[in-house]
Asks: 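Below is a structure I'd like to ask you about.
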Amino acid sequence: MLPSQRHLFDLPREVAYLNAAAWSPLPLAVQEAGRMGVGRKGRPWEIDPALPGRVIERARAAAAALIGAAAEDVAVVSSVGYGVASAAKVFAPPAGSRVVVLEDDHSSPVLEWMVRAPAQGFTVDTVKRPSDGDWTAAVEAAIAKPGAPVSLASISNVHWSDGSALDMDRIAAALKAKGAALLIDATHGAGMMDLDVKRIDPDFLIFPTYKWVLGPYGRAFAYVAKRWQRGVPLEQTAFGRKGVAAERVPYFADLSYVDSARRYDMGERDHFVGLEMAAVGLEMMAGWTQPAIAERCAMLTARLEDGLAAAGALLPKRSLRAPHVLCVSFAGGMPAGLAEALGAQGAYAAPRLGRLRISPHVYNDEEDVDRFVAAFARVVKRAA
């Protein structure tokens with residue numbers, strides 16, 4: 001099994017940080033990349049003009065590798081919301097059709113369609129939280145129901161508030177049978193779960209770097225299937241065109257768009273400080289490999305299950321949750337101030353919609369889990 005990578009992070013031994021689903025600590029190497037980038041920006045006359053381009057393509061390739069994509073099919077964007085807005089400009093759900101979303105899903109894959117629905121004449125069909133916890137079956141049922149045809153499912157592959165995993169292969173197959181598209185918010189999946197875009201064939205898949213892939217805020221990546229690479233991007237940029245360059249005359253030599261997902265890159269993409277940090281984190285993830293990361297996190301969440309169940313927590317079915325996220329609930333509701341009380345004891349997790357979301361990563365070890373469980377047991381006992 002992949003050993004704990006705690007030595008690559010600035011984590012005090014007394015801190016049990018199990019909150020990667022909120023934001024991850026930066027590895028020491030990523031921190032150093034940031035310091036180096038800031039230093040370069042402090043002396044811009046020393047910067048090689050080709051540097052930003054090299055960093056952009058390094059990060060793009062590293063992001064593509066985590067999802068089995070070609071680099072040319074990945075756009076550099078600022079956030080999942082930006083990527084969804086770009087997709088919505090390219091893909092217009094037909095009037096009278098349905099866009100399927102999840103109840104209580106994160107705002108990023110949902111709000112864009114809610115805003116567009118009245119003017120464009122489609123409806124947003126919200127899949128209610130299933131009583132048995134099986135989101136995949138619930139989405140399949142929504143896709144198959146009679147009435148208005150489904151045109152798109154815009155969903156997370158891991159439900160951010162309860163850690164449930166959705167089977168993207170099954171959902172993609174159900175959508176293809178209806179001639180419908182799939183947008184995946186892979187915030188909690190990229191690098192942690194098998195999301196090979198060659199196999200799943202989503203229309204769009206988007207993820208940020210500040211959580212699981214160990215990078216900074218403000219950097220994200222959007223996979224765009226080739227069938228959607230002829231659209232008009234959200235922003236009009238020089239680098240999105242074939243022949244707009246400050247170094248040449250005429251300036252607007254060729255206004256046709258570049259023939260790849262690069263046309264969807266965000267403006268000011270040359271932010272080499274954040275992109276170099278993102279590239280380092282992405283490459284570290286690739287080096288550990290997704291199966292090994294998932295195996296380690298699954299071991300940690302299984303150990304958490306054993307200890308938390310003994311302390312009275314209610315646990316989801318292991319087969320229905322992501323291997324790296326464990327959300328616990330309580331028979332009488334989550335005790336007020338639980339997360340804050342845990343934090344006071346150096347044990348960190350996040351309250352999410354009445355549940356406590358616990359999310360370990362490669363920097364955690366068994367001692368972290370045992371510290372967390374002990375703190376949890378003390379806090380819950382006092383609250384009883």
Side-chain angles (χ1 to χ4, degrees), residues 52-94 97 99 108-109 112-113 116 120 122 151-155 157 168 171-172 175-176 178-187 189-190 195-209 219-245 252-270 275 278-279 282:
R54 290 198 301 269
V55 174
I56 289 165
E57 294 310 316
R58 176 186 176 187
R60 192 192 312 274
L66 291 190
I67 57 173
E72 66 183 14
D73 296 331
V74 172
V76 177
V77 299
S78 58
S79 65
V80 173
Y82 185 106
V84 175
S86 297
K89 188 169 182 180
V90 173
F91 178 85
S97 70
V99 172
S108 296
E112 184 72 29
W113 308 109
R116 288 175 174 268
Q120 294 180 215
F122 62 87
S151 57
L152 171 72
S154 181
I155 57 178
N157 82 294
M168 290 294 108
I171 290 170
L175 289 165
K176 282 181 171 54
K178 297 289 186 179
L182 172 61
L183 183 153
I184 302 174
D185 176 350
T187 295
L195 290 175
D196 190 312
V197 296
K198 292 190 294 293
R199 185 188 73 250
I200 300 171
D201 191 26
D203 295 85
F204 310 94
L205 183 149
I206 312 158
F207 64 95
T209 69
R219 306 293 94 180
F221 299 91
Y223 165 81
V224 182
K226 290 189 183 299
R227 53 188 172 271
W228 298 110
Q229 290 181 15
R230 307 299 295 176
V232 176
L234 195 61
E235 293 184 79
Q236 301 306 310
T237 63
F239 47 77
R241 309 296 182 114
K242 290 182 178 177
V244 178
F252 287 171
D254 185 351
L255 294 182
S256 56
Y257 290 107
V258 296
D259 297 321
S260 71
R262 290 181 178 89
R263 69 171 60 192
Y264 301 116
D265 282 1
M266 67 179 187
E268 297 193 22
R269 68 174 187 176
D270 292 352
L275 274 179
L282 291 161

Asks: For residues P109 and I155, determine if any side-chain heavy atom of one lies less than 4.5 Å from a side-chain heavy atom of the other.
Replies: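 Heavy-atom side-chain distance check fails, nothing below 4.5 Å.
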
Asks: Taking all non-hydrogen atoms of both residues, which atom of G231 and which atom of Y264 are closest, and how far apart?
Replies: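 Heavy atoms of G231 and Y264 come nearest at N-OH, 3.0 Å.
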
Asks: Strictly by side-chain hydrogen bond (donor to acceptor under 3.5 Å, both in side chains), give each pair with a member in residues 59-73 just once, sequence neighbours left out.
Replies: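 Of all non-adjacent pairs touching residues 59-73, those that pass side-chain hydrogen bond (donor to acceptor under 3.5 Å, both in side chains) are E57-R60, R60-D265, E72-K226, D73-K226, D73-Q229.
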
Asks: Tell me if a side-chain donor or acceptor on K89 pairs with a main-chain N or O of P233 at a distance below 3.5 Å.
Replies: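 It does hold such a pair.
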
Asks: What heavy-atom pair brings T209 and A278 nearest, and what distance separates the two atoms?
Replies: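 Closest pair (atom of T209, atom of A278, distance): CG2-CB, 4.0 Å.
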
Asks: Rounded to the nearest 0.5 Å, what's the gap from CD1 on I56 to CZ on F239? Could you check?
Replies: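 Reported to 0.5 Å precision, the distance equals 7.0 Å.
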
Asks: Where do L282 and F221 land on the side-chain contact (heavy atoms from CB on, under 4.5 Å) test, with the steps shown first?
Replies: CA-CA 11 Å; L282 291 161; F221 299 91; 3.8 Å; yes

Asks: Only one of L152, L183, L182, V197 forms a side chain to side chain contact (heavy atoms under 4.5 Å, CB included) with F204, so which one is it?
Replies: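 For F204, the side chain to side chain contact (heavy atoms under 4.5 Å, CB included) check succeeds only for L183.
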
Asks: Over all heavy atoms of both residues, which pair between R227 and P202 is shortest? Give the atoms and the distance, please.
Replies: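 Minimum heavy-atom contact is NH2-O, 3.6 Å.
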
Asks: Using side-chain heavy atoms (C-beta onward) and a distance below 4.5 Å, is Y257 in contact with R230?
Replies: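 Answer no - side chains too far apart.
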
Asks: OG1/T237 to CD/E268 distance, rounded to the nearest 0.5 angstrom?
Replies: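 T237 OG1 to E268 CD: 11.5 Å, rounded to 0.5 Å.
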
Asks: What are the two closest non-hydrogen atoms of A59 and A279, and how far apart are they?
Replies: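 Closest approach of A59 to A279: CA-CB, 3.9 Å.
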
Asks: Taking all non-hydrogen atoms of both residues, which atom of I206 and which atom of V84 are closest, and how far apart?
Replies: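 For I206 versus V84, the nearest heavy atoms are CD1-N, 3.6 Å.
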
Asks: Quick one: are D203 and F91 in side-chain contact, heavy atoms under 4.5 Å?
Replies: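 Sidechains of F91 and D203: no contact.
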
Asks: Nearest heavy-atom pair of A61 and A71: which atoms, and what distance?
Replies: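 Distance-wise, the nearest heavy atoms are CA-CB, 4.1 Å.
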
Asks: Output yes when a side-chain donor or acceptor of Y223 lies under 3.5 Å from a complementary backbone atom of G68, and no otherwise.
Replies: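 Not a single qualifying donor-acceptor pair exists.
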
Asks: Looking at V258, is its backbone amide N or carbonyl O close enough to the side chain of R263 to form a donor-acceptor pair, meaning the two atoms are under 3.5 Å apart?
Replies: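 Side chain of R263 to backbone of V258: a pair is present.
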
Asks: Identify which one of I184, I67, D185, N157 satisfies the side chain to side chain contact (heavy atoms under 4.5 Å, CB included) criterion when paired with F207.
Replies: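 By the side chain to side chain contact (heavy atoms under 4.5 Å, CB included) criterion, F207 pairs with just one of I184, I67, D185, N157: I67.
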
Asks: Is the closest side-chain heavy-atom distance between K176 and D201 below 4.5 Å?
Replies: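 Side-chain contact under 4.5 Å: yes.
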
Asks: Do the side chains of I171 and L175 get nearer than 4.5 Å, heavy atoms only?
Replies: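 Heavy-atom side-chain distance check passes, below 4.5 Å.
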
Asks: Applying side-chain hydrogen bond (donor to acceptor under 3.5 Å, both in side chains) as the test, list every pair that has at least one member in residues 74-86; sequence neighbours left out.
Replies: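 Applying side-chain hydrogen bond (donor to acceptor under 3.5 Å, both in side chains) to every pair that reaches into residues 74-86, excluding sequence neighbours, yields Y82-E235.
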
Asks: Enter the distance from R219:CZ to M266:CE here, rounded to the nearest 0.5 Å.
Replies: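 It is 3.5 Å, given to the nearest 0.5 Å.
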
